[in-house]
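Worksheet: the structure to be examined is printed underneath.
Just so we're clear, the structure is a prediction, and the values are computed from it rather than from any experiment.
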Amino acid sequence: MITDLDNFHQYRSNPDVTKYQGFDVMTKEACVDFINLQSDKQFGKAGEWVQYAIENKETNQLIGDCAIKLDQYDIRLAEIGITISDLHQKKGYAKEVLLGILDWLFETQNIHRVTEIVDAENLASINLLKSLNFKQEGHFIENIFFKGKWGSEFQFAMLKRDWKK
């Protein structure tokens, strides 16, 4: 919501937060455009990213956002991404959010497989995914020209049957 604009802009304009993200530092105007673009999107459309706000339950403040995309050809497959504000990192929020997303995707939406692509240098995200028992399936070496240089990525995935364990 536009009421969250200042908090959204605070972390989306921080180069330390955007370092490993698929987006770059955002102006306040770009944040407004992004929020407005997302306002009508609903989960379930194949091939379309949908952003969700992450709110601190105690303060009702925006502390990040997560994205979910169903595969273009098979909506039983999903890709996820998450961004936590630098003001709220290292407090367990990312893990809490990912557990909730996975539970919702696997148990409510009956998704078969969830993937996440992570910059090979993003150790915090890599460790988080491993702690949740995601399996590293791929290492793509210099597969993306990203923010002025070639970058490498890991692909992690979890199957519904592994979630139930």
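Follow the hydrophobic side-chain contacts under 4.5 Å out from F134 and you reach L99 in the same cluster. Put simply, M158 and I126 are part of the same group of oily side chains (I, L, V, M, F, W, Y) that touch within less than 4.5 Å, one to the next. Linking ILVMFWY side-chain heavy atoms closer than 4.5 Å, directly or via other members, places Y93 and I80 in a single hydrophobic cluster. Criterion: ILVMFWY side-chain heavy atoms under 4.5 Å apart, direct or through other members. Under it, L5 and Y11 are part of a common hydrophobic cluster. In terms of hydrophobic clustering, with Ile, Leu, Val, Met, Phe, Trp and Tyr side chains grouped at heavy-atom distances under 4.5 Å, Y52 and V17 are assigned to different clusters.
Put simply, the side chain of N122 gets close to the backbone of S125: a donor and an acceptor are under 3.5 Å apart. One N or O on the side chain of Q89 and one on the backbone of I84 form a donor-acceptor pair closer than 3.5 Å. Listed for the K95 side chain is no donor-acceptor partner under 3.5 Å among the backbone atoms of K91. Side-chain atoms of Q38 come within 3.5 Å of backbone N or O of Q51 as a donor-acceptor pair. Remark: the backbone N or O of F106 is paired with a side-chain donor or acceptor of K160 at under 3.5 angstrom.
For F156, there are no ring pair (Phe, Tyr, Trp, His ring centres under 6.0 Å) partners two or more places apart in sequence or in a different chain.
The six-membered or imidazole ring of F43 lies away from that of W49, with a centre-to-centre distance of 6.0 Å or more. Residues F8 and F34 bring their aromatic ring centres within 6.0 Å.
Contact record, I54 with T83: CD1-O, 4.1 Å, taken as the closest heavy-atom pair. Of all heavy-atom pairs spanning F146 and Q21, the tightest one is CZ-O, 2.6 Å. Closest non-hydrogen pair, E153 versus N143, comes out as OE1-ND2, 2.8 Å. In plain terms, the two heavy atoms of V25 and S13 that are nearest each other are CG1-O, 3.3 Å.
None of D24, T18, D65 except one satisfies the side chain to side chain donor-acceptor pair (under 3.5 Å) rule with R12; the exception is D65.
Atom NZ of K28 has more than 12 heavy atoms from other residues, nucleotides or ligands within 6.0 Å. Within a 6.0 Å radius of NZ in K19, no more than 12 heavy atoms belonging to other residues, nucleotides or ligands are found.
Using a cut-off of 4.0 Å between Lys/Arg side-chain N and Asp/Glu carboxylate O, E142 and K149 are scored as not salt-bridged. The pair E96-K57 meets the salt-bridge criterion, since a charged nitrogen lies less than 4.0 angstrom from a carboxylate oxygen.
Note that the CG atom of D40 and the CG atom of N36 stand 9.0 Å from one another [nearest 0.5 Å]. L62 CG to S85 OG: the interatomic distance, rounded to the nearest 0.5 Å, is 8.0 Å.
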(request) Take Q10 and D86 through the side-chain hydrogen bond (donor to acceptor under 3.5 Å, both in side chains) test and state the conclusion after the steps. (result) CA-CA 9 Å; Q10 181 278 318; D86 55 303; 2.9 Å; yes

(request) Decide yes or no on side-chain contact (heavy atoms from CB on, under 4.5 Å) for N7 and Q61, but give the supporting numbers first. (result) CA-CA 8 Å; N7 289 340; Q61 293 291 311; 2.8 Å; yes

(request) Under the salt bridge (charged side-chain N to carboxylate O under 4.0 Å, His left out) rule, what do D71 and R113 come out as? Steps first, then yes or no, please. (result) CA-CA 10 Å; D71 186 82; R113 173 182 159 88; over 6 Å; no

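Checked by atom type, the side-chain pair Q155/E137 shows a donor-acceptor distance below 3.5 Å.
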